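Below, all heavy atoms of this structure are taken into account, side chains as well, without hydrogens, waters or symmetry copies. Numbered from 1 within each chain, the chains take letters A, B, ... in sequence-line order. Note that the coordinates shown come from a computational prediction; the quantities given were computed from them, not determined experimentally.
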Amino acid sequence: MSRGSLLLKMELRSNPDMLCVVRNALSELTAKLGFSESECRAVVLAVDEALTNIIRHAYLGDPEQSIEASFHRIHVEGDGKSGDALEIVLEDSGVTPPEKMCGRALEDVRPGGLGLHFIRESMDTVEFSRNNGKNQLRLVKILHSQGSQKGS
Amino acid sequence: MKIAARHLDKITIFDISGDIDLATSPELRKALLRELRELKMPRVVLNLTAVRYIDSSGVASLVEGLKASRDVGSRLVLFGLNKTVREVLQLSKLVKIFEIHENEEQSVTP
């Protein structure tokens with residue numbers, strides 16, 4: 001995988017009212033990149049759920065914290081999947097590492113567990129890491145994938 | 001998100017429009033629980049035709065409403081699911097637990 005070109009970078013407050021702003025921007029971006037309507041909806045859902053989890057679990061509902069979101073066009077190869085892709089990296093300085101969040105059984109649905117399920121089903125790659133006091137979530141959706149057709 | 005309530009005999013119909021997400025789902029949850037737990041309406045129908053977006057917190061609110069309806073012996077009915085809403089419910093694998101109809105007429109039929 002090679003890091004490609006930066007498409008968009010945002011710094012937003014951890015306020016739930018900002019979610020619709022990000023959704024609208026991402027909906028436009030994914031459409032311009034050539035994703036199908038269904039894939040656009042899948043990416044928007046995944047990012048919305050990831051931001052929701054940051055707001056709820058990393059920042060414990062505090063609406064005044066900072067979240068950084070960057071969007072790159074990259075090229076990926078391997079694991080039977082290859083092609084151009086959209087890479088999304090979300091960073092926060094919250095206290096709860098995202099990797100410690102665990103999904104709940106669907107029978108016990110509450111925000112958080114179901115959101116993580118949506119993210120995993122919608123994206124080709126989902127990676128959590130924590131570096132220098134920051135939580136980082138990396139999401140990748142392959143454009144015109146020759147392998148998996150997740151979310152389409 | 002906006003919620004407008006109508007009443008038809010002993011049925012409450014909520015016309016919901018806009019986005020159901022982390023910011024707005026508490027309002028939906030509150031409206032559903034009031035109608036089901038406090039007012040004990042025998043049937044609550046959600047018109048989702050004008051819903052542009054729903055996320056996991058919205059689905060969780062619907063599930064909570066469904067649980068409340070079962071607790072009090074009433075019915076929670078959904079209709080007007082567009083492609084976006086249907087996709088999310090299918091992704092949640094919860095679509096089969098809801099009573100879903102195509103239109104309002106079917107939803108209010110005894």
Around atom [atom1] of [X], are there more than 12 heavy atoms from other residues, nucleotides or ligands closer than 6.0 Å?
X: A:E37; atom1: CD; answer: no
X: A:E11; atom1: CD; answer: yes
X: A:R23; atom1: CZ; answer: yes
X: A:N132; atom1: CG; answer: no
X: B:R34; atom1: CZ; answer: no

Interatomic distance, [X] atom [atom1] to [Y] atom [atom2] [nearest 0.5 angstrom]:
X: A:C20; Y: B:R52; atom1: SG; atom2: CZ; answer: 7.5 Å
X: A:M18; Y: B:L22; atom1: CE; atom2: CG; answer: 12.5 Å
X: A:L45; Y: B:S56; atom1: CG; atom2: OG; answer: 7.5 Å
X: B:K93; Y: A:E121; atom1: NZ; atom2: CD; answer: 5.5 Å

Do [X] and [Y] come within less than 4.5 Å of each other through their side chains, counting heavy atoms only?
X: B:V88; Y: A:R41; value: no
X: B:S92; Y: A:L114; value: yes
X: B:Y53; Y: A:V44; value: yes

Exercise for review: State plainly whether one hydrophobic cluster holds both A:L6 and A:L86, where clusters connect Ile, Leu, Val, Met, Phe, Trp and Tyr through side-chain heavy atoms under 4.5 angstrom apart.
Suggested key: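 No.
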Point to revise | Single-linkage hydrophobic cluster B:F14~B:L76, side-chain heavy atoms < 4.5 angstrom | key: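 B:F14 and B:L76: one cluster.
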Exercise for review: Measure from the side-chain N and O atoms of A:H117 to the backbone N and O of B:L91, and report whether any donor-acceptor pair falls under 3.5 Å.
Suggested key: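 The answer is yes, because a donor-acceptor pair under 3.5 Å joins these two groups.
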Check your understanding: If you take all heavy atoms of B:A23 and A:D17, which pair is closest and at what distance?
Key ->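 Looking at all heavy atoms of both residues, the shortest contact is CB-OD1, 3.6 Å.
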Point to revise | Side chain / backbone / both / neither for B:I54 at chain A, heavy atoms under 4.5 Å | key: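 Only the backbone of B:I54 comes within 4.5 Å of chain A.
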Review point. Side chain, backbone, both or neither: which part of A:L51 has a heavy atom under 4.5 Å from chain B?
Key: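 Contact with chain B: none, neither part.
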Exercise for review: Please lay out, stage by stage, how B:S57 and A:T52 fare under the test side chain to side chain contact (heavy atoms under 4.5 Å, CB included).
Suggested key: CA-CA 9 Å; B:S57 66; A:T52 291; 5.5 Å; no
